[in-house]
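Data first, discussion second: the structure below is written as structure tokens.
Chain naming here is simple, since letters A, B, ... match the order of the sequence lines and numbering starts at 1 in each.
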2 protein chains.
Amino acid sequence: MHTMQCVTNKGAGAGLRERKKQATRAALSEAAVRLAAEHGAENVTVEAISNAAGVSPRTFFNYFDSHDDVFVMMDPDVGERVRRAIRDAPAELSPLDAVREAMAAELAEVELRHEVWSLRAKVFQKSPHLLARGLGLHMAEERDLARTIARRIDPDGPAGPDVHGGPGGSGSGTRSDSAAPAGADPCEDADIDLYPRLLAAVAGTAARVAIEHWYAHSPPLTFPEIFRDVFTHLSAGLPQPPAQTDDRPSDGRTTES
Amino acid sequence: MHTMQCVTNKGAGAGLRERKKQATRAALSEAAVRLAAEHGAENVTVEAISNAAGVSPRTFFNYFDSHDDVFVMMDPDVGERVRRAIRDAPAELSPLDAVREAMAAELAEVELRHEVWSLRAKVFQKSPHLLARGLGLHMAEERDLARTIARRIDPDGPAGPDVHGGPGGSGSGTRSDSAAPAGADPCEDADIDLYPRLLAAVAGTAARVAIEHWYAHSPPLTFPEIFRDVFTHLSAGLPQPPAQTDDRPSDGRTTES
DNA sequence: TCACACATTGCATGGTATGCAAATGTGCAG
DNA sequence: CTGCACATTTGCATACCATGCAATGTGTGA
């Protein structure tokens with residue numbers, strides 16, 4: 001199992017134990033994507049993935065909650081990083097701009113690790129329900145994101161506890177406990193405003209659309225361009241773009257200048 | 001198993017055969033929601049649902065592709081109705097407005113069958129992953145919606161076959177074949193523009209947020225109000241709303257004038 | 001080195017999902 | 001009314017998903 005150069009500083013101040021876990025997780029994730037890109041996610045059993053990664057099938061479930069999660073979860077810390085970026089963004093940025101910048105920074109990885117994302121694209125095309133599942137940020141993340149946005153807008157909000165990541169160790173260990181810790185109150189949502197909730201959801205969706213569109217039109221357009229276009233549409237209120245029969249193949253350019 | 005008065009004209013020009021299928025589907029769906037509202041979706045087995053509906057467990061899978069689908073699929077024809085409404089909308093409406101109106105018409109049902117949706121809300125609160133799954137329109141629907149929007153904007157588009165529902169019988173029979181009919185080309189996506197794609201995705205997300213927010217703040221606000229507010233935010237470009245700690249109950253009005 | 005902590009593994013169990021063939025029920029022509 | 005054609009239901013068998021538990025092996029700190 002090859003270890004892999006990670007973009008962010010992972011396994012930095014960690015012992016051998018921690019690094020092995022990271023390696024195992026990466027091996028499973030990569031093997032899964034690689035197999036699924038060829039045969040389709042549905043036709044790749046947990047046994048096959050574990051086998052390709054060189055671990056027991058039982059171990060698979062020590063790292064991922066379900067068969068599908070291995071294709072969807074990429075980095076348990078991405079949500080926390082985005083939220084931190086939003087908190088630390090310059091005060092003069094509008095909420096939408098703050099979210100856009102935070103996501104753009106995180107999605108830079110998409111272009112760096114181009115190959116893996118390209119494979120992931122194949123997987124998602126073959127089984128769209130995976131897209132519905134985890135992309136962007138899944139629902140729990142969306143709630144936290146909404147809360148962070150609300151806090152940025154009005155720090156004296158409904159006294160909800162500020163949402164931070166766990167201790168230094170982070171969630172990179174076995175089994176990320178993303179969902180509610182057993183007895184969490186589902187009515188917790190009630191204190192979130194409509195606007196932050198909407199912004200969080202729409203921003204996540206926008207990121208997803210940007211990625212989808214990017215690997216549908218991969219050659220002519222770069223990801224940052226598409227990402228920028230998407231948020232331009234959004235902040236303009238989604239008006240109908242000026243004609244631009246766009247798909248007419250003669251010209252590569254798609255949307256606005 | 002009680003039959004049920006359906007809002008739309010179902011089982012109208014149908015024989016006994018068709019009506020029985022509708023009844024079975026409704027019985028399964030209702031039993032599932034009712035049980036899940038109390039015990040949580042995860043703790044309700046297919047056997048229990050089938051048992052409550054008075055059919056064999058095997059029959060359950062003749063109607064729904066998975067355990068989760070029974071909570072999510074409500075009406076196989078809703079997507080087609082929305083698309084038709086968009087096509088038939090007055091030409092002077094902006095794309096965003098056309099989509100908004102089409103969805104509003106469809107979501108009127110949410111207020112009519114208030115009780116079922118209230119139960120559904122409980123289910124979704126207890127297991128958020130269901131929300132992620134099928135809400136509003138799942139991904140396949142989103143693609144069709146995007147195509148319809150593109151066609152409305154530019155009827156002389158990339159010659160993609162216009163997307164319509166099947167013959168009169170509709171998809172109400174056994175097992176809705178929503179996904180690709182076996183050998184569908186996944187690269188079909190490539191000819192859809194960024195703007196229609198984004199609008200379809202964002203509109204779907206907006207509808208979801210409206211429903212979530214509605215049953216999180218059910219008493220003070222009506223669903224049409226929230227729905228209108230959501231799309232107001234959207235068409236305004238998601239600017240930060242004017243302070244308005246909003247939860248303050250004194251005034252019904254939520255966003256801008 | 002020794003003992004502790006933790007990850008991996010095998011085994012057992014229960015639930016999910018599908019294919020196939022027999023039984024049952026509906027629709028329709030004779 | 002009777003019998004045929006067809007669709008649905010059902011039971012059975014099978015494979016996979018997912019979890020709990022106990023035993024084992026390896027990293028960590030004293």
Side-chain angles (χ1 to χ4, degrees), chain A residues 1 11 13-28 32 35-36 39-51 53-73 127 129-130 133 169 171-179 182, chain B residues 1 11 13-28 32 35-36 39-73 127 129-130 133 169 171-177 179 182:
Chain A
M1 54 177 96
L16 189 152
R17 209 163 182 144
E18 202 65 22
R19 265 176 297 154
K20 278 188 111 174
K21 281 200 297 187
Q22 293 294 342
T24 301
R25 170 177 286 266
L28 281 170
L35 287 173
H39 305 102
E42 332 293 282
N43 304 321
V44 177
T45 68
V46 174
E47 184 181 358
I49 298 172
S50 322
N51 200 14
V55 296
S56 152
R58 185 62 183 83
T59 299
F60 177 94
F61 290 103
N62 288 340
Y63 284 88
F64 302 97
D65 281 336
S66 79
H67 170 253
D68 292 353
D69 274 15
V70 72
F71 305 109
V72 159
M73 291 172 91
S127 25
H129 80 275
L130 288 180
R133 207 177 184 91
S172 34
T174 37
R175 197 64 84 64
S176 92
D177 45 325
S178 57
Chain B
M1 52 178 93
L16 188 152
R17 220 165 177 137
E18 202 65 23
R19 265 178 296 152
K20 277 190 109 173
K21 280 200 297 187
Q22 293 294 342
T24 301
R25 170 177 286 266
L28 281 169
L35 287 173
H39 307 101
E42 334 293 79
N43 304 322
V44 176
T45 67
V46 173
E47 185 181 358
I49 297 172
S50 321
N51 200 14
V55 297
S56 150
R58 185 62 184 82
T59 299
F60 177 95
F61 290 104
N62 287 341
Y63 283 89
F64 301 98
D65 282 335
S66 80
H67 170 252
D68 293 353
D69 275 14
V70 72
F71 305 109
V72 159
M73 290 172 93
S127 27
H129 81 274
L130 288 180
R133 203 175 186 92
S172 34
T174 38
R175 196 64 84 66
S176 96
D177 46 328

> Which whole-number value in Å describes the distance from B/Glu18 CD to D/dT9 C1'?
Replying inline: 16 Å
> What is the distance, rounded to the nearest whole Å, between atom CG of A/Asn51 and atom P of C/dG10?
Replying inline: 11 Å
> Whole Å only: how far is the CG atom of B/Leu28 from the P atom of D/dT8?
Replying inline: 15 Å
>> Just by distance, no angles: are the side chains of B/Asp69 and B/Ser66 close enough, under 3.5 Å, to form a donor-acceptor pair?
In response: yes
>> What's the closest nucleotide to the side chain of B/Thr59 if the choices are D/dT9, C/dT16, C/dT9?
In response: D/dT9
> Between D/dC17, C/dG15, C/dT18, which one does the side chain of B/Thr45 approach most closely?
Replying inline: C/dG15
Review item, nucleotides 23-25 of chain D N/O atoms under 3.5 Å of protein N/O:
none

>> How many whole angstroms separate atom CZ of A/Arg19 from atom C1' of C/dC6?
In response: 17 Å
> Has the side chain of A/Arg58 got a donor or acceptor that lies under 3.5 Å from a partner of the other kind on the base of D/dG20?
Replying inline: yes
> Whole Å only: how far is the CG atom of A/Asp69 from the C1' atom of D/dC16?
Replying inline: 16 Å
> Taking atom OG1 of B/Thr59 and atom CZ of B/Arg25, what is their separation to the nearest 0.5 Å?
Replying inline: 13.0 Å
> Choosing from D/dA18, C/dT16, D/dT8, which nucleotide comes nearest the side chain of A/Phe61?
Replying inline: D/dA18
>> Tell me the interatomic distance from A/Ile49, atom CD1, to D/dA18, atom P, rounded to whole angstroms.
In response: 10 Å
>> Looking at B/Glu47, I want to see if its CD is surrounded by more than 12 non-hydrogen atoms of other residues, nucleotides or ligands under 6.0 Å.
In response: no
>> Check this one for me: any side-chain N or O of B/Tyr63 less than 4.0 Å away from OP1 or OP2 of D/dT9?
In response: yes
>> Output the rounded distance in Å from CZ (A/Phe60) to C1' (C/dA7).
In response: 17 Å
> Side-chain contact, heavy-atom cut-off 4.5 Å: A/Phe64 with A/Ile49?
Replying inline: no
> Among C/dA17, D/dT9, D/dA18, which nucleotide sits nearest the side chain of A/His67?
Replying inline: D/dA18
> Taking side chain as C-beta onward, heavy atoms only, is A/Thr24 less than 4.5 Å from A/Tyr63?
Replying inline: yes
>> What is the distance, to the nearest angstrom, from the CZ atom on A/Phe71 to the P atom on D/dC17?
In response: 10 Å
> Side-chain N or O of A/Lys20 less than 4.0 angstrom from OP1 or OP2 on D/dT26?
Replying inline: no
>> Please confirm whether the shortest side-chain N or O distance from B/Ser56 to OP1 or OP2 of D/dT9 is below 4.0 Å.
In response: no
> Does any non-hydrogen side-chain atom of B/Phe61 lie less than 4.5 Å from one of B/Val46?
Replying inline: yes
>> To the closest 0.5 Å, what do you measure between OG1 (A/Thr45) and CZ (A/Phe60)?
In response: 9.5 Å
